[in-house]
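Down below is the structure, laid out as structure tokens.
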Amino acid sequence: MTATNKLVFGLDTFGDVPDDPANDLPVSYSVALKQIIKEAKLADDIGIDVIALGEHHRPEYAISSPDTMLAAIATITKNIKLSTGVTVLSSDDPVRVYERFATLDNISDGRAQIMLGRGSFTESFPLFGYNLENYDALFEEKMALFNKLRNGGAVDWSGKFTQTLEKQKIYPKISGHKLDTYVGVGGTPDSIIRAAYYGFPVILAIIGGAPERFKPYVDLYQRAAAQFNQPQHPLGMHSHGVIADTDDEAYNIAWKYLRRSMDRIGSDRGWVPMDKKRFDFEVKKGSYYVGTPEHVAHKIADKMTKVGVKRFDFIYGAGGQYAFQREKSIELYGTKVVPLVKDLIKSGEYSYE
């Protein structure tokens with residue numbers, strides 16, 4: 001038996017620009033951004049816990065400034081946590097990042113959440129004048145500074161890649177709590193240990209392969225947190241998916257759009273194009289959650305339990321899916337999948353092969 005009141009269910013979007021059903025061409029960035037705000041309002045209305053927006057600087061994605069979008073969303077929502085997935089801290093100024101999210105936290109009555117990461121995309125490094133040779137060192141140093149800022153009070157700081165601060169106070173202040181902070185991890189032991197060292201919970205980015213292979217990282221986090229005398233926070237995971245009224249409908253949408261997204265990313269990284277055999281593996285046993293609400297719920301319950309996480313974020317809308325298809329996935333996820341996953345995990349009576 002598992003207590004379900006501690007389970008968290010979120011939605012993630014990379015900010016994909018939808019296609020227009022009239023001509024199958026991408027809509028304008030203005031339309032795309034307003035669509036995401038509409039989707040966040042829908043998610044809030046149906047009780048989803050978190051909305052997380054990615055940061056990208058590529059033509060197929062509309063969101064390069066997640067905090068600006070989250071501020072807009074804050075004004076039309078009431079309960080949903082306002083998060084990122086991820087904020088690329090390595091190519092940003094930790095002071096400015098903290099100030100922006102402290103501002104968001106104040107205007108949203110404490111609903112701000114930030115997920116820090118090095119970024120699986122690297123466009124922001126040359127865009128903002130950073131050298132990829134310092135990829136790891138930048139993140140390590142900026143994470144340390146961000147942690148000091150989050151702890152509050154006057155900050156003394158000196159680093160190689162960051163500014164020197166002498167008893168510097170940061171505004172606006174956050175009252176009554178610290179900024180809710182996660183770290184997004186792609187699956188390296190060093191990243192897990194670093195997050196545990198600072199006492200930050202982790203979201204595992206599981207976008208391919210069998211999710212169960214990430215269980216050792218959950219165990220590593222718990223051991224490292226204990227060694228560093230830090231809280232052993234529950235961990236989470238996020239993965240792509242499509243939910244529809246029938247398995248065939250969801251599969252066809254995912255085959256067209258999710259495969260397109262992965263092939264587009266893969267072309268920059270030297271990946272072999274997605275074939276049907278590999279795609280079917282991801283749908284059946286891997287990291288794509290595609291099908292009816294019942295099918296997807298059983299798979300989420302099974303994989304959350306096997307990996308050992310208490311939070312699941314569903315990445316929706318990949319590859320230019322039509323707005324109505326995206327909204328359908330959100331609606332079914334919030335109204336049918338999430339309640340069913342909670343029931344299945346509570347009872348332990350789920351089956352997925």
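Count residues from 1 along the sequence.
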As a test of understanding, state which of Asp180, Asp49, Asp44 forms a side-chain hydrogen bond (donor to acceptor under 3.5 Å, both in side chains) with Lys81. Asp180

Taking the six-membered ring for Trp, is the centroid-to-centroid distance between Tyr333 and Tyr289 below 6.0 Å? no

Using modelled atom types and a 3.5 Å cut-off, is there a donor and acceptor pairing between side-chain atoms of Arg111 and backbone atoms of Ala74? yes

Tyr182 side-chain N/O to Ser83 backbone N/O, donor-acceptor pair under 3.5 Å: no

Would you kindly confirm whether Ile51 and Ile63 end up in one hydrophobic cluster when ILVMFWY residues are joined by side chain heavy atoms under 4.5 Å apart? yes

Decide whether Asp24 and Tyr322 meet the rule of one side-chain donor and one side-chain acceptor closer than 3.5 Å. yes

Gap between atom NE2 of His57 and atom OG of Ser91 - 0.5 Å precision: 6.0 Å

Assess, by modelled atom type and distance only, whether the side chains of Asp156 and Gln168 contain a donor and an acceptor separated by less than 3.5 Å. no

Please say which of Thr335, Asp313, Leu11 ends up in a side-chain contact (heavy atoms from CB on, under 4.5 Å) with Ile48. Leu11

Would you give the length of the straight line joining atom OG of Ser239 to atom CE of Met304, rounded to the nearest 0.5 angstrom? 11.0 Å

Hey, does Lys148 have a side-chain heavy atom less than 4.5 Å from the side chain of Asn151? no

Is a donor on one side and an acceptor on the other found under 3.5 Å between the side chain of Arg311 and the backbone of Val8? no

Of all heavy-atom pairs linking Ala43 and Ile80, the shortest is CB-CD1, 3.7 Å

Can a donor-acceptor pair be found between the side chains of Thr13 and Arg326 at a distance below 3.5 Å? no

So CD1 of Ile300 and CG of Leu7: to nearest 0.5 Å the spacing works out to 11.5 Å

Is it possible for you to say whether Leu220 and Val202 belong to one hydrophobic cluster, with membership spreading through side-chain heavy-atom contacts below 4.5 Å? yes

Please check if the number of heavy atoms outside Lys173 that lie under 6.0 Å from its NZ is greater than 12. yes

I'd like to know if the side chain of Tyr217 and the backbone of Gly187 have a donor-acceptor N/O pair within less than 3.5 Å. yes

Which distance, rounded to the nearest 0.5 Å, do you find between the CG of Leu340 and the NZ of Lys342? 12.0 Å

Kindly determine whether Arg58 and Ser64 satisfy side-chain hydrogen bond (donor to acceptor under 3.5 Å, both in side chains), including the steps that lead there. CA-CA 8 Å; Arg58 298 166 59 92; Ser64 60; over 6 Å; no

Taking the side chain as every heavy atom from C-beta outward, state whether Asp136 and Arg118 have any atom pair closer than 4.5 Å. yes

Between Asp105 and His177, do the side chains contain an N or O donor and an N or O acceptor separated by less than 3.5 Å? yes

Less than 4.5 Å apart, any side-chain heavy atom of Tyr257 and any of Gln325? yes

For residues 203-215, dump all side-chain donor-acceptor pairs below 3.5 Å to protein atoms at least two apart in sequence or in another chain.
residue : atom : partner : partner atom : Å
Glu212  : OE2  : Lys303  : NZ           : 2.8
Arg213  : NE   : Ala210  : O            : 3.4
Arg213  : NH2  : Gly208  : O            : 2.4
Lys215  : NZ   : Asp219  : OD1          : 2.7
Lys215  : NZ   : Asp219  : OD2          : 3.3

Check the pair Trp255, Lys276 against side chain to side chain contact (heavy atoms under 4.5 Å, CB included), reporting the backbone distance first and the verdict last. CA-CA 8 Å; Trp255 174 248; Lys276 196 170 186 302; 4.0 Å; yes

Taking Thr246's backbone N and O only, do any of them form a donor-acceptor pair with Thr292's side chain (distance below 3.5 Å, no angle check)? no

Tell me the side chain to side chain donor-acceptor pair (under 3.5 Å) pairs involving residues 225-236, sequence neighbours left out? none

Considering non-hydrogen atoms only, spot the tightest contact between Pro26 and Val17 and give its length. CB-CG1, 3.9 Å

Salt bridge flag under 4.0 Å for residues Lys336 and Asp245: no

Report yes or no: do Phe228 and Ile192 belong to one cluster of Ile/Leu/Val/Met/Phe/Trp/Tyr joined by side chain heavy-atom distances under 4.5 Å? yes

How far does CD of Glu140 sit from OG of Ser90, to the nearest 0.5 angstrom? 10.0 Å

Would you call Val309 and Val218 a side-chain contact if the rule is heavy atoms closer than 4.5 Å? yes

Please confirm whether His56 and Phe14 have ring centers closer than 6.0 angstrom. yes

pair Ser191-Val183: side-chain heavy atoms closer than 4.5 Å: no

Closest non-hydrogen atom pair, Gly319 against Asp16: N-OD2, 3.0 Å

Is any side-chain heavy atom of Pro201 less than 4.5 Å from a side-chain heavy atom of Leu235? no

Just by distance, do the side chain of Asn131 and the backbone of Asn134 share a donor-acceptor pair under 3.5 Å? no

Please check if any side-chain donor atom of Glu141 sits under 3.5 Å from a side-chain acceptor atom of Thr162, or the reverse. yes

If I compare all heavy atoms of Leu89 with all of Lys142, which pair ends up nearest, and what's the gap? O-CD, 3.2 Å

Under a 4.0 Å N-O cut-off, is there an ion pair linking Asp109 with Lys78? no

Residues Pro66 and Gly54: closest non-hydrogen pair is CG-O, 3.5 Å

Between the side chain of Thr87 and the main-chain N/O of Thr84, is any donor-acceptor distance below 3.5 Å? no

In terms of side-chain geometry, is the basic nitrogen of Lys306 or Asp302 positioned less than 4.0 Å from the acidic oxygen of its partner? yes

To the nearest 0.5 Å, what is the distance between CG (Asp247) and CD (Glu294)? 9.0 Å

Check: Phe314 ring centre within less than 6.0 Å of Tyr316 ring centre: no

Is it the case that more than 12 heavy atoms not belonging to Lys38 sit under 6.0 Å from its NZ atom? no

Using a strict threshold of under 4.0 Å (side-chain N to carboxylate O), is an ion pair present between Asp92 and Arg100? yes

For this output row, return yes or no: ring centroids of Phe9 and Phe312 closer than 6.0 angstrom. no

Can any side-chain N or O of Asn147 pair as donor or acceptor with the backbone N or O of Met143 at less than 3.5 Å? no

What about Ile73 and Tyr61, same hydrophobic cluster or not, with Ile/Leu/Val/Met/Phe/Trp/Tyr joined at side-chain heavy-atom distances under 4.5 Å? no

Does the side chain of Val242 come within less than 4.5 Å of Tyr251's, by heavy atoms? no

Closer than 3.5 angstrom, by distance alone: can the side chain of Lys160 be matched with the main-chain N or O of Leu138 as a donor-acceptor pair? no

Tell me whether Tyr29 at atom OH has more than 12 heavy atoms from other residues, nucleotides or ligands lying less than 6.0 Å away. yes

For the student: nearest non-hydrogen atoms of Thr305 and Ala301, plus distance: OG1-O, 2.8 Å

The side-chain contact (heavy atoms from CB on, under 4.5 Å) partner of Phe101 among Leu82, Ile174, Ile114, Thr181 is Ile114

Is the distance between the ring centroids of Tyr135 and Phe125 under 6.0 Å? yes

Do His298 and Leu344 have side chains that get closer than 4.5 Å, going by heavy atoms? yes

